[in-house]
S.K.: 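Let me give you the structure first, and then I'll get to my questions.
If you're wondering where the values come from, they're calculated on a predicted model, not measured in any experiment. Numbers here are sequence positions counted from 1.
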Amino acid sequence: MRRRLNRIRYGDNTIVDLWETKAMQTMTWNTLPSWAHLACRDILRAATSNRRLGDILSECLEIVTGIAELDLGQSAALYMIDCANHTHRLLHHRHSEELAYPIEIDPSSMAESFPRGWGRACLYQMPLAAGDDEALIGTALLFGRTGKRMNSEKLSILRLLCQEIARIIVHRGGAAASLIDMVELSTDEIYIFDAHSLAIVRTNATASIRTGHPASHLCRLTPAALKVDMSEAAYRDLIGSVLSGQCSNISFDACHRRRNGTLYPVKVHVWRIRGEDQDLFAEVAVATADQRKAFGLLEQVFDAIPGGIGVFDNRSRLLMANRRLYDLMNIPPELFPPGSRFEDILRYNAERGEWGDGDYESMVRERLDQAQLGLPYSFERERASGKVLTVRSEPLSNGGYVLSYTDITLRKRAEKELIRNRDELEATVHQRTAEIAAQAAALEEALQQEKNINAMQRQFVAMTSHEFRTPLAIIDGAAQRLMRKKGDVDAAFLAEKTHQIRGAVARMVDLMESFLSAGRMDTGRVELSLVDCSIRKLIEQSITRQKIFSQNHRFDNDLSDLPAVIRCDALALSQVITNLLSNAVKYAPRAPDIKVRGWQEDGFAVVSVKDNGVGIDAEDIPKMFQPYFRARTSTGIAGTGIGLSLVKQVVTLHGGEIRVDSSRGQGTVFTFRLPIAGPRIETPPPQPETDDEGAREASAA
């Protein structure tokens with residue numbers, strides 16, 4: 001299908017339709033300038049890679065828009081013809097902050113498809129066809145940096161480059177490309193191999209990552225070469241039914257060896273995929289989730305350990321080791337990969353003089369017998385190079401053991417240096433130095449404590465002066481109004497002003513009580529008066545009192561599931577509930593609904609108070625129960641910052657716990673739990689008997 005369009009103008013913007021631009025030159029590859037040849041070479045190199053089609057198109061558009069001679073902007077898009085409804089659909093594009101690409105466009109009304117404000121630059125509408133005689137498959141849109149359009153030579157070169165991109169889409173856009181994408185995106189190892197030679201012809205990135213071999217090296221191997229104790233003949237016999245066509249796939253368990261010699265188990269699936277020209281043979285090696293997790297964690301732990309670690313089985317064969325072990329023992333990893341005998345490692349060290357002169361075989365046997373005893377041991381050894389190592393052995397339950405090597409050379413040098421310095425310096429100098437350091441530390445601590453106290457004092461004075469000034473101003477204003485009224489005071493006015501005065505006085509009393517309670521908590525002189533009381537009644541009484549001062553709020557309470565009675569300090573618990581209700585009202589001035597819920601679980605009475613107010617920032621939540629701390633969302637709302645601190649201490653004294661769940665603008669939920677049986681109180685030890693009556697009275701006082 002070929003569509004012939006005219007040149008379109010849209011305001012100050014020019015859309016150049018190259019499908020009917022007669023001024024274009026006829027370009028051949030021989031007449032192309034060098035920069036165009038370089039761009040074609042880069043596009044060809046991108047097309048021959050095994051990456052996904054989207055990645056290839058991104059690189060191709062980056063190559064075209066990056067040509068300085070064309071002076072193109074970074075934004076570009078590729079649209080494909082939808083034969084069903086004769087429109088163009090977006091296939092691929094480069095991100096642009098100035099222009100949001102439409103999902104669907106119609107080239108016949110291209111100007112209406114783009115919003116105003118995408119600049120005064122020239123828009124180039126290029127046909128996507130694999131050649132001059134090929135059918136049109138879509139449209140490429142590219143933008144100039146300015147409104148100045150290209151000359152005919154550059155337009156012809158741009159069209160040739162778009163033809164190259166069209167060829168990539170045609171050849172990579174089918175089922176084969178989808179298969180390549182699936183292979184590359186797979187998290188399992190995939191190997192495509194030749195049925196006759198068993199040579200690997202293609203693999204994915206996961207195989208390179210998991211085995212440690214680059215893709216070029218894997219393509220020189222066979223699937224059998226990756227497996228432990230499996231020859232090519234055995235592998236061919238194992239998959240013979242798939243090769244002969246008797247079945248389409250076969251599965252078996254195997255063990256792969258990484259490039260560094262470590263092993264890992266896999267579930268192998270070999271498939272025969274029918275094709276038009278020839279069949280395709282693929283092996284998929286799947287590592288189980290538990291194995292991936294265990295080996296990934298084990299590798300991370302091994303890499304994080306600063307010392308060398310080697311794990312040996314009950315036959316003293318090396319199962320796995322980190323690189324640090326080979327470095328500390330100064331042995332080549334390629335000579336002693338996993339599966340090597342510990343005896344061979346010992347003999348290698350003995351023969352190169354690591355243990356001095358003597359009978360090598362006796363030295364090897366002695367150390368091997370010690371390792372196989374199944375007992376933990378530790379010793380220090382100085383190597384011929386002067387490096388000092390600590391060697392430890394820990395037995396395993398299966399009869400194997402773990403050897404660890406730690407380099408303590410620096411520590412040993414430091415110990416020797418310390419001994420030398422200690423002998424040179426007098427004891428009095430050491431003592432005086434320690435005293436000065438202790439005094440400096442104590443002075444620094446005292447200064448820091450004084451700074452903290454001064455800061456807290458300034459904060460407290462500023463806060464209390466502000467908090468007390470507000471209710472005093474209310475009382476003073478109400479009194480002045482009453483004085484001006486003199487005898488003309490009606491009952492409603494008097495009730496209003498009296499209510500204001502009582503509310504302000506109650507606020508001051510609450511402030512004073514909070515300060516006194518906080519002081520008693522800080523000094524540790526609070527003793528709970530435990531009684532059996534109804535927590536439900538305490539909550540209902542607190543709600544009733546709160547309604548007097550919060551007439552615009554509605555309290556939705558469901559307390560039916562609370563226990564009949566709990567053992568607690570009724571006065572202190574009432575103060576906790578009142579504080580939480582007061583906060584819910586105060587920090588939700590425009591959200592009148594307050595929900596109070598109560599229930600019991602696992603021997604605890606649980607109460608939650610929820611509002612839909614200003615909420616709390618996530619970073620402020622851990623500090624909410626600190627004395628004098630106020631969240632950032634409480635700016636402009638009266639408060640002292642000690643209420644929640646008092647609540648936390650009371651709940652803790654009762655053996656309970658409290659938490660807060662909140663986010664800014666989404667309201668807040670405070671939930672506290674109290675043991676129904678009351679807090680555990682440790683019985684003080686009995687006092688010794690005494691005949692001194694005065695002493696007993698003094699003790700009682």
S.K.: Write down the atom of Val585, the atom of Ile594, and the distance for their closest heavy-atom approach.
M.R.: N-CD1, 4.4 Å
S.K.: Can you tell me how far CD1 of Ile616 sits from CZ of Arg632, rounded to the nearest 0.5 angstrom?
M.R.: 11.5 Å
S.K.: Checking Ser560 against Asp558: is there a side-chain donor and acceptor pair closer than 3.5 Å?
M.R.: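 Yes, because at least one side-chain N or O of Asp558 sits under 3.5 Å from a partner of the opposite role on Ser560.
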S.K.: So which atom in Ile621 and which in Ser662 form the shortest heavy-atom distance, rounded to 0.1 Å?
M.R.: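 Smallest interatomic distance, heavy atoms only, reads CD1-O, 3.4 Å.
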S.K.: Side chains of Ser58 and His92: is there a donor and an acceptor less than 3.5 Å apart?
M.R.: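 There is such a pair (donor and acceptor under 3.5 Å, judged by atom type) between the side chains of Ser58 and His92.
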S.K.: Step by step, would you call Leu646 with Val576 a side chain to side chain contact (heavy atoms under 4.5 Å, CB included)?
M.R.: CA-CA 8 Å; Leu646 181 63; Val576 168; over 6 Å; no
S.K.: Search all heavy atoms of Ile676 against all heavy atoms of Ala605 and return the closest pair with its distance.
M.R.: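 Shortest heavy-atom contact: CG1-N, 3.7 Å.
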S.K.: Could Asp556 and Lys595 be called an ion pair, given the rule that one side-chain N must be under 4.0 Å from one carboxylate O?
M.R.: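 So Asp556 does not pair with Lys595 through a salt bridge.
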S.K.: Between Leu559 and Val607, is the side chain to side chain contact (heavy atoms under 4.5 Å, CB included) condition met? List the steps.
M.R.: CA-CA 9 Å; Leu559 311 172; Val607 177; 5.6 Å; no
S.K.: Please tabulate, for the side chains in residues 650-658, all donor-acceptor contacts under 3.5 angstrom to protein atoms that are two or more places apart in sequence or on a different chain.
M.R.:
from   : atom 1 : to     : atom 2 : distance (Å)
Thr652 : OG1    : Lys648 : O      : 2.7
His654 : ND1    : Val650 : O      : 2.9
His654 : NE2    : Asp569 : N      : 3.0
Glu657 : OE2    : Arg673 : NE     : 3.3

S.K.: Do you know which two heavy atoms are closest between Ile566 and Leu674, and how far apart they sit?
M.R.: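 The pair with the smallest heavy-atom distance is CD1-CD1, 4.3 Å.
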S.K.: Using the rule given for side chain to side chain contact (heavy atoms under 4.5 Å, CB included), can you reason through Gln546 versus Phe555, listing the C-alpha separation, both sets of side-chain angles and the distance that settles it, and then say yes or no?
M.R.: CA-CA 9 Å; Gln546 195 62 44; Phe555 293 86; 3.6 Å; yes
S.K.: Would you say Ser608 and Thr671 are linked by a side-chain donor-acceptor pair, where the criterion is simply a distance under 3.5 Å?
M.R.: no
S.K.: What pairs with Ala254 under side chain to side chain contact (heavy atoms under 4.5 Å, CB included), at least two apart in sequence or on another chain?
M.R.: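 Once residues adjacent in sequence are excluded, the partners of Ala254 under the side chain to side chain contact (heavy atoms under 4.5 Å, CB included) criterion are Lys227, Phe252, Val266, Val268.
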S.K.: Could you give me the CA-CA distance, side-chain angles and deciding distance for Val284 and Glu189, then say whether side chain to side chain contact (heavy atoms under 4.5 Å, CB included) is met?
M.R.: CA-CA 6 Å; Val284 181; Glu189 304 171 45; over 6 Å; no
S.K.: Sub-3.5 Å donor-acceptor pair from the side chain of Asp611 to the main-chain atoms of Gly613, do we have one?
M.R.: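 Yes: the side chain of Asp611 pairs with the backbone of Gly613.
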